[in-house]
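Everything on this sheet refers to the single structure shown next.
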Amino acid sequence: MLRRFDMGGKTHTLTVNTRTLQTKILPLPKRTMSCRPDSRYRRLLRLAGSPPYPLQNDGITHGKRGLYLTTDLCPSSKKGFEKRLYQAIIRRFPHPVPVTLFLTKRWIDRHPTAFETLRQWNRNGSLAVTWGNHTAWHHYHPGKALAENFVLSPEENLTDDILTPEKTLLERGVTPSIFFRFPGLVSDEKAVHTVTGLGLIPIGTDAWLAKGQMPKEGSVILVHGNGNEPKGVTIFLRLLKERKIPGLRPISGISAK
Ligand SMILES: [Zn+2]
């Protein structure tokens, strides 16, 4: 049991299956549910929260096999989104196509139509979306050192920044997942423990396509779905065309080494 919340006058819980890592909304159980300390979920959570704590790209950056597509939806003043990316994977792979969206509240608020399109693709079985958390506000100060930027900005209230987009999703009938991506991939030990303390697993990347990192077996691929980094999407579409992306796997299936 990750959270409890009131909806329609009734208390509900957000729960995680400790074997499949899938989340579900359930009525408040009469008995307390327990979680074995050696469950798959606990082990992954422990691994994600352990040292070292690099300033950049902490968390799970790759699995043992397959490829995992993650698309960040950071705040953006751009109209629309990278429709071509999602349409291409829908055309290319068997349905539903697994994809992770790392959403910010600011992006959802400003792009209701794009958000609805993604939900529609998820509802009609074209996509199997993992609704990931990329914080509500995604603080960013151009020119500032990383150690005082993103979630390390002085004004950051990380707990609130994480719980707020969960509420945004729940209010819209969407079930938040346990996967989290740090804005700018920047974090420190305290921030990592705040995330894992809320039961979430930080996901880094070893294939940020726009930075020239090419995917290999087990890679967590990062592109931006908000239109802010078209270069990465163009590279992904090229790899798709060249048949270098044989398939995609859901992030919930990741097993870190
Ligand atoms: Zn971002």
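In this chain, residues are counted from 1 in sequence order. Atoms within each ligand, like the ligands themselves, are counted from 1 in listed order.
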What's the shortest heavy-atom distance between P230 and E82, and which atoms? CA-OE2, 3.5 Å
Are D161 and R106 within salt-bridge range, i.e. N to O under 4.0 Å? no
With a 6.0 Å cut-off on the ring centroids, do H138 and F102 count as close? no
Review item, side-chain donor-acceptor pairs of residues 203-220, under 3.5 Å, at least two apart:
from: T205; atom 1: OG1; to: A207; atom 2: N; distance (Å): 2.9
from: T205; atom 1: OG1; to: V220; atom 2: O; distance (Å): 2.6
from: D206; atom 1: OD1; to: S219; atom 2: OG; distance (Å): 3.0
from: D206; atom 1: OD1; to: V220; atom 2: N; distance (Å): 3.1
from: D206; atom 1: OD2; to: S219; atom 2: OG; distance (Å): 3.3
from: W208; atom 1: NE1; to: E229; atom 2: OE1; distance (Å): 3.0
from: W208; atom 1: NE1; to: E229; atom 2: OE2; distance (Å): 3.4
from: Q213; atom 1: OE1; to: W208; atom 2: N; distance (Å): 2.8
from: E217; atom 1: OE2; to: G66; atom 2: N; distance (Å): 3.2
from: S219; atom 1: OG; to: K216; atom 2: N; distance (Å): 2.9
from: S219; atom 1: OG; to: K216; atom 2: O; distance (Å): 3.1

Of the non-hydrogen atoms in L170 and P176, which two are nearest, and what is the gap between them? CD2-CD, 3.6 Å
What number of protein N, O or S atoms occur at distances under 2.8 Å from the Zn ion (ligand 1)? 3
Heavy-atom closest pair, residues V97 and I90: CG2-CA, 4.1 Å
